[in-house]
Amino acid sequence: MTALLEIEDLTASYGPVQALFGVSLSVAEGEVVALMGRNGMGKTTTIRALMRMMPANARRLAFAGHDLGALPSHRAARLGLGLVPEGRRCFAPLSVAENIAVAARPGSWDMTRVCTLFPRLGERRDQLAATLSGGEQQMLAIARALVTNPRLLVLDEATEGLAPVVRQEIWTAIRALKADGLSILLVDKSLKELRAIADRAVIVERGQTVWTGTLDALSPDQADRWLGV
Ligand code: ATP
C-alpha cells in the first residue's frame with residue numbers, strides 16, 4: 001500500500017513546554033487509522049502539528065509526496081488534509097448552507113452529497129449553525145471538511161459529548177466514508193467502535209508513539225496500561 005501520510009519522530013512544544021517527543025504514524029491510501037491514548041498524551045497536539053497549526057519538527061512529515069514541514073497551514077489544507085477539529089467550530093452566525101458554501105472546493109463532495117450522508121443537514125439548510133444541536137453541529141463540521149474534498153479526513157473526537165443515538169449516526173457516516181474508500185485518521189475514545197472500523201491503531205503515551213498495530217493484537221494488559229480501559 002502507498003503511504004498517503006507519513007510522520008516520523010514528530011516533536012512539538014507549547015512555548016517552553018514540550019508536548020510531543022517523537023510521534024510516528026502513517027496512513028495508507030484508503031486506510032482508517034485510530035490515534036489513541038489517555039487524556040493529555042498528545043493526540044490533539046499531533047493533529048495540530050500535522051495540520052501545521054503549530055510549529056513542529058519531524059524527521060519526516062510527508063503527505064501525498066509533499067513535504068508538509070515546509071508548508072503553512074492553508075497550503076496543507078489545500079493539499080487535501082480535511083480537519084474536523086475538536087469542539088466542532090462551525091461558524092455560528094452562518095446557516096448550514098452558508099457554512100458549507102464557504103468551505104467548499106471543487107470535487108465530488110458538495111451540498112447535495114453531504115445531505116445524502118446527513119439528511120438532517122438538508123432539512124436544516126437555512127438554520128443558523130448556532131441553533132443546531134450538538135450532534136447536528138458535528139454533522140456540519142464533518143460536512144464542512146468533506147466539501148473541501150480531502151484525500152485524508154482527520155477527525156478529532158467526533159463523537160465526544162453526544163447522546164448515544166447521535167453517536168451511532170456519526171459512526172454510521174464514518175463507516176460509509178470508509179466503504180467509499182476515503183482515507184481517515186481519527187481520534188476517539190470508543191474502543192468498541194474503533195475495533196470495528198480501524199484498520200490499525202497508533203497509541204501515544206506522554207507525547208511518544210508506544211504501539212502500532214491492529215486492535216485485535218492489543219492485549220487487555222496493554223489496553224489497560226495505555227488506554228485505561
Ligand atoms: P485529550 O484526550 O484530553 O484531548 P490529548 O491526547 O489530545 O488529550 P493534547 O491536548 O495533545 O492531549 O495535550 C498534550 C500535552 O500538551 C498535555 O500535557 C497538555 O497539557 C499540553 N497542552 C495542550 N495544549 C496546550 C496549550 N495550548 N498550552 C500548553 N500546553 C498544552
Side-chain angles (χ1 to χ4, degrees), residues 5-27 32-61 63 68-69 72-74 76-77 81-90 134-135 137-138 141-142 144-145 150 152-164 166-167 170-171 174 183-213 215 218 221-229:
L5 174 68
E6 284 178 281
I7 302 178
E8 275 176 36
D9 259 329
L10 182 69
T11 56
S13 304
Y14 292 99
V17 183
Q18 191 167 350
L20 300 185
F21 295 86
V23 171
S24 297
L25 67 90
S26 67
V27 181
V32 175
V33 174
L35 177 58
M36 305 174 76
R38 283 179 285 136
N39 287 345
M41 290 303 167
K43 304 178 298 292
T44 297
T45 305
T46 298
I47 288 176
R48 297 191 61 216
L50 154 69
M51 298 301 300
R52 311 301 297 144
M53 295 159 74
M54 66 186 288
N57 291 298
R59 192 142 47 86
R60 184 163 168 77
L61 185 53
F63 179 70
L68 272 184
S73 170
H74 66 281
L81 283 162
L83 174 66
V84 181
E86 195 176 23
R88 294 149 206 163
R89 293 179 216 278
C90 301
Q137 283 184 24
Q138 188 64 63
I142 297 172
R144 281 172 48 84
L152 177 69
L153 183 67
V154 181
L155 296 153
D156 193 358
E157 305 262 18
T159 65
E160 177 91 352
L162 301 178
V166 186
R167 252 172 219 240
I170 302 290
W171 283 116
I174 298 172
S183 312
I184 300 174
L185 175 65
L186 81 173
V187 173
D188 202 275
K189 298 209 168 66
S190 171
L191 187 56
K192 177 168 168 275
E193 299 297 343
L194 292 176
R195 269 189 205 288
I197 198 167
D199 297 306
R200 268 181 326 113
V202 174
I203 299 180
V204 290
E205 167 94 345
R206 295 197 185 86
Q208 268 186 302
T209 297
V210 291
W211 192 86
T212 301
L215 282 170
L218 186 74
D221 274 2
Q222 291 171 319
D224 181 53
R225 182 174 350 140
W226 293 318
L227 308 176
V229 292

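For this chain, numbers begin at 1 and follow the sequence in order. For ligands, and for the atoms within them, numbers begin at 1 and follow the listed sequence.
Open room surrounds CZ on Arg206; 12 or fewer heavy atoms of other groups in view lie less than 6.0 Å from it.
Remark: among candidates Glu86, Lys43, Glu160, the nearest residue to atom 6 (O) of ligand 1 is Lys43, based on non-hydrogen atoms. Closest to atom 1 (P) of ligand 1 by heavy atom, among Ala12, Pro16, Gly40, is Gly40.
Under a 4.0 Å heavy-atom criterion, Gly37 is not in contact with ligand 1. In this structure, Arg38 has a heavy atom closer than 4.0 Å to ligand 1.
Listed by number with element, the atoms of ligand 1 under 4.0 angstrom from any heavy atom of Met41 are 5 (P), 6 (O), 12 (O). Near Glu157, with a cut-off below 4.0 Å to any heavy atom, the atoms of ligand 1 are 2 (O). Remark: ligand 1 atoms within the under-4.0 Å shell around heavy atoms of Thr45 are 9 (P), 11 (O), 13 (O), 14 (C). Using a 4.0 Å cut-off to heavy atoms of Thr44, the atoms of ligand 1 that qualify are 4 (O), 5 (P), 7 (O), 10 (O), 11 (O).
Listed for the Arg195 side chain is a donor-acceptor partner under 3.5 Å among the backbone atoms of Leu215. Side-chain atoms of Thr209 come within 3.5 Å of backbone atoms of Ser24 as a donor-acceptor pair (strictly under, hydrogens ignored). Looking at Lys43, its side chain does come within 3.5 Å of a backbone N or O of Arg38 through a donor-acceptor pair.
Taking all atoms of both residues into account, the shortest heavy-atom contact from Ala12 to Thr45 is CB-CG2, 4.4 Å. Summarising the geometry of Leu10 relative to Ala56, their closest heavy-atom pair is CD1-CB, 3.9 Å, with the distance given to 0.1 Å. The two residues Leu50 and Leu81 come nearest to each other via the heavy atoms O-CD1, 4.2 Å.
Protein heavy atoms are absent from the space less than 4.0 angstrom from atom 20 (O) of ligand 1. Less than 4.0 angstrom separates atom 23 (C) of ligand 1 from at least one non-hydrogen atom of the protein.
Interatomic distance, Arg167 CZ to Glu160 CD, rounded to the nearest 0.5 Å: 7.0 Å.
With hydrogens left out, the protein atom closest to atom 26 (C) of ligand 1 is Tyr14 CD2, 3.4 Å, a heavy atom.
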